Amino acid sequence: MKHIKTYHSLSLNTSYGDVMIEGPITADELKEYQFHENLHAFRPSSKQFAALINIAKLEEGRIIISRINNVIVGYVTFLYPDPMERWSLYKMEDLLELGAIEVAYPYRGIKLGSYMLKLSMMDSMMENYIIISTEYYWHWDLNETKLSVWNYRKIMEKMMSAGGLKPAPTDDPEIISHPANCLMVRIGKNVPTSSIERFDRLRFLEKEKYRSFRKGL
Ligand SMILES: CC(=O)SCCNC(=O)CCNC(=O)[C@H](O)C(C)(C)COP(=O)(O)OP(=O)(O)OC[C@H]1O[C@@H](n2cnc3c(N)ncnc32)[C@H](O)[C@@H]1OP(=O)(O)O
């Protein structure tokens, strides 16, 4: 599969001034910018910036950013699921994971997350992918926001729906270990039925396992 990346951008007028939402951004372009020090929800900001640069270099990797002048204040990543994870079991070339989305603390609640997802889907290539996002409440910034898991889950659902991702059932043990966790999915218009069927099996691997135990019964 050829992963064609087409750049899109939009400018948002906010109380913090104009914010440029743009991407997919190349690794060289990323290196031209500063990374806001408050982008540390997943790991220290310098390490996260280095991770983003590496993702941008991947053939399938996509980085969409929110930028004020030359400072990156938000980002979203798309790449193949981690080879250690269930979602890479069938090595589906048309299955991408929304790996992480983050907006620096002072700039939250002004729709940057929603707009980054909207912009991500403007590239018609995204219609060729199944996009997943695994939502685990232990990845959420409950400390800084002081929100309950359920209110945080509401934010995630609203924001993800801006990119067309919707909660979808699965029997993944980690996801079903807490009712606020969920799998979010967007199936592009050009995804073939064979991929959708393979993805359905992937969502319900436990069922598959029991079916194979029953062989001959
Ligand atoms: C796959 C993963 O990455 S899971 C982990 C997700 N990332 C994190 O938790 C990292 C820390 N959190 C963040 O960076 C941000 O809070 C994000 C990325 C979750 C949300 O980004 P934002 O730009 O603030 O989201 P955005 O402004 O688009 O808000 C989406 C909706 O939630 C609402 N919302 C956002 N923050 C709050 C809040 N603190 N309280 C109540 N509602 C809120 C918005 O009003 C909006 O609702 P609306 O569409 O009805 O107006």
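Each ligand, and each atom within it, is numbered from 1 in the order the structure gives. Computed from a predicted model, the values in this text were never measured in an experiment.
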Original post:
When you measure from the side chain of Tyr16 to the backbone N and O of Pro106, does any donor-acceptor pair fall under 3.5 Å?
Top reply: yes

**OP:** Count the heavy atoms of every other residue, nucleotide or ligand shown that sit under 6.0 Å from CG of Asp18, and state whether that count exceeds 12.
**Re:** yes

Original post:
Just wondering, more than 12 heavy atoms not from Glu144 lying within 6.0 Å of its CD?
Top reply: yes

Subject >> OH/Tyr115: more than 12 non-hydrogen atoms of other groups inside 6.0 Å >> reply: no

Original post:
Is there a side-chain contact between Val73 and Val103 (heavy atoms, below 4.5 Å)?
Top reply: no

Original post:
How about Asn128 and Met1: do any of their side-chain heavy atoms sit closer than 4.5 Å?
Top reply: yes

One line per pair, note the atom names and distance for all nitrogen or oxygen contacts under 3.5 Å between ligand 1 and the protein.
residue: ligand 1; atom: 3 (O); partner: Ile101; partner atom: N; Å: 3.1
residue: ligand 1; atom: 7 (N); partner: Ile101; partner atom: O; Å: 2.8
residue: ligand 1; atom: 9 (O); partner: Tyr152; partner atom: OH; Å: 2.5
residue: ligand 1; atom: 12 (N); partner: Tyr152; partner atom: OH; Å: 3.0
residue: ligand 1; atom: 14 (O); partner: Val103; partner atom: N; Å: 2.7
residue: ligand 1; atom: 14 (O); partner: Val103; partner atom: O; Å: 3.3
residue: ligand 1; atom: 14 (O); partner: Arg108; partner atom: NE; Å: 3.4
residue: ligand 1; atom: 23 (O); partner: Leu112; partner atom: N; Å: 3.4
residue: ligand 1; atom: 23 (O); partner: Gly113; partner atom: N; Å: 2.8
residue: ligand 1; atom: 24 (O); partner: Gly109; partner atom: N; Å: 2.7
residue: ligand 1; atom: 27 (O); partner: Ile110; partner atom: N; Å: 3.4
residue: ligand 1; atom: 27 (O); partner: Lys111; partner atom: N; Å: 2.7
residue: ligand 1; atom: 28 (O); partner: Ser114; partner atom: N; Å: 3.0
residue: ligand 1; atom: 28 (O); partner: Ser114; partner atom: OG; Å: 2.5
residue: ligand 1; atom: 49 (O); partner: Lys111; partner atom: NZ; Å: 2.6
residue: ligand 1; atom: 50 (O); partner: Lys158; partner atom: NZ; Å: 3.2
residue: ligand 1; atom: 51 (O); partner: Lys111; partner atom: NZ; Å: 2.8

